[in-house]
Amino acid sequence: MHARTGLLSSDEENALSVKLVFLGRLEDLAGGSSRTVPLEPSIDAVLDSLDPDLAKALRAPRVKLAVNGILLQDTDAPVLKEGDEIAFLPPVSGG
Amino acid sequence: MTLTSSDVRLLHDPFDPAHELGAFTRIHPEAGGVVSFLGQVRAGDEVEALELQHYEPLTLPAMKDLAERVCQRWDLEGLLVVHRSGVMEPGDPIVLVAAAARHRRDAFAAADYAMDHLKSESWFWKREKAGGEWRWIEPREQDFEDIARWG
């Protein structure tokens with residue numbers, strides 16, 4: 001994969017997206033278990049593009065994140081790419 | 001440490017714990033003891049249904065990691081972990097853990113440890129339906145205390 005910077009037409013850029021997955025009670029807040037949103041370079045930027053109440057809930061300290069099934073550590077700030085799946089994981093309620 | 005075979009499954013449909021336990025016991029004749037735990041949906045509390053939600057990329061891999069830790073920590077002949085996901089009704093089996101060992105203490109401890117860690121660490125989100133309304137269940141403090149016993 002090579003970096004694509006500013007070489008795409010706006011139509012092609014619009015087609016680039018990431019998938020957000022909401023687990024547990026976050027599903028109710030988001031109004032669905034997943035949604036596809038336009039690709040932004042960072043998770044912060046993706047969150048900024050959402051409804052502020054939802055973004056606040058997703059940024060809660062006890063909500064963990066996984067990108068493509070890999071759990072993020074607190075300090076991780078991955079650069080997102082087309083097709084990434086970002087999961088928002090509230091505290092588990094146990095099996 | 002001997003190489004232990006573990007059988008870890010995440011099921012979306014009901015299962016028969018007696019059948020699973022019978023099959024597990026039969027393939028481990030060298031075990032002197034098998035300790036099992038069955039968790040089922042509790043009747044009463046006006047709960048009509050329970051739903052466990054999982055996240056495919058995390059839930060089963062973490063269950064397998066846990067099974068591996070259990071097998072390294074105790075001397076087992078075999079370990080079985082079967083866990084449901086999806087909607088269940090009161091009386092339905094949720095989880096079956098069985099540990100087969102040459103000696104019973106290993107089997108008791110391994111099954112106990114596996115359950116404590118499944119309850120508090122597994123990637124499951126739970127909601128209950130009562131009076132026609134679904135409600136998400138928050139983590140229980142007791143589950144964290146249970147897991148703290150193991151150091």
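Throughout, protein chains are lettered first and strands after them, A, B, ... in sequence-line order, and every chain is numbered starting at 1.
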(Q) Can you confirm whether Leu89(A) sits close enough to Trp125(B) that some side-chain heavy atom of one is under 4.5 Å from a side-chain heavy atom of the other? (A) yes
Heavy-atom closest pair (Glu85(A) atom, Pro57(B) atom, distance to 0.1 Å) is OE2-CG, 4.4 Å
_Check this for me: His19(B), atom NE2, are more than 12 non-hydrogen atoms of other residues, nucleotides or ligands nearer than 6.0 Å?_
no
Looking only at Pro90(A), Gly69(A), Ala87(A), Ala66(A), most heavy-atom pairs under 4.5 Å shared with chain B are made by Pro90(A)
Heavy-atom neighbours of Leu11(B) CG exceed 12 at 6.0 Å
yes
Side-chain donor/acceptor pairs under 3.5 Å, residues 86-113 of chain B, sequence neighbours excluded:
unit_1: Asp92(B); atom_1: OD2; unit_2: Glu89(B); atom_2: N; d: 2.9
unit_1: Asp112(B); atom_1: OD1; unit_2: Arg149(B); atom_2: NH2; d: 3.4
unit_1: Asp112(B); atom_1: OD2; unit_2: Arg149(B); atom_2: NH2; d: 3.3

So, the part of Gln53(B) with a heavy atom under 4.5 Å from chain A: the answer is side chain
Here the gap from Arg127(B) atom CZ to Asp28(A) atom CG, rounded to the nearest 0.5 Å, amounts to 6.5 Å
Contacts of Arg59(A) meeting side chain to side chain contact (heavy atoms under 4.5 Å, CB included) (sequence neighbours excluded), chain-then-number -> Asp44(A), Leu47(A), Asp48(A), Ala55(A)
Do the side chain of Trp123(B) and the main chain of Val92(A) share a donor and acceptor less than 3.5 angstrom apart? no
* Asked: Is there a path of hydrophobic side-chain contacts, each under 4.5 Å between heavy atoms of I, L, V, M, F, W or Y residues, that connects Val67(A) with Val63(A)?
  -> yes
Margin query: For Glu30(B), is the CD atom crowded, meaning more than 12 foreign heavy atoms sit under 6.0 Å from it?
Written below: yes
Whatever's closer than 4.5 Å to a heavy atom in chain A on Ile137(B) counts as both
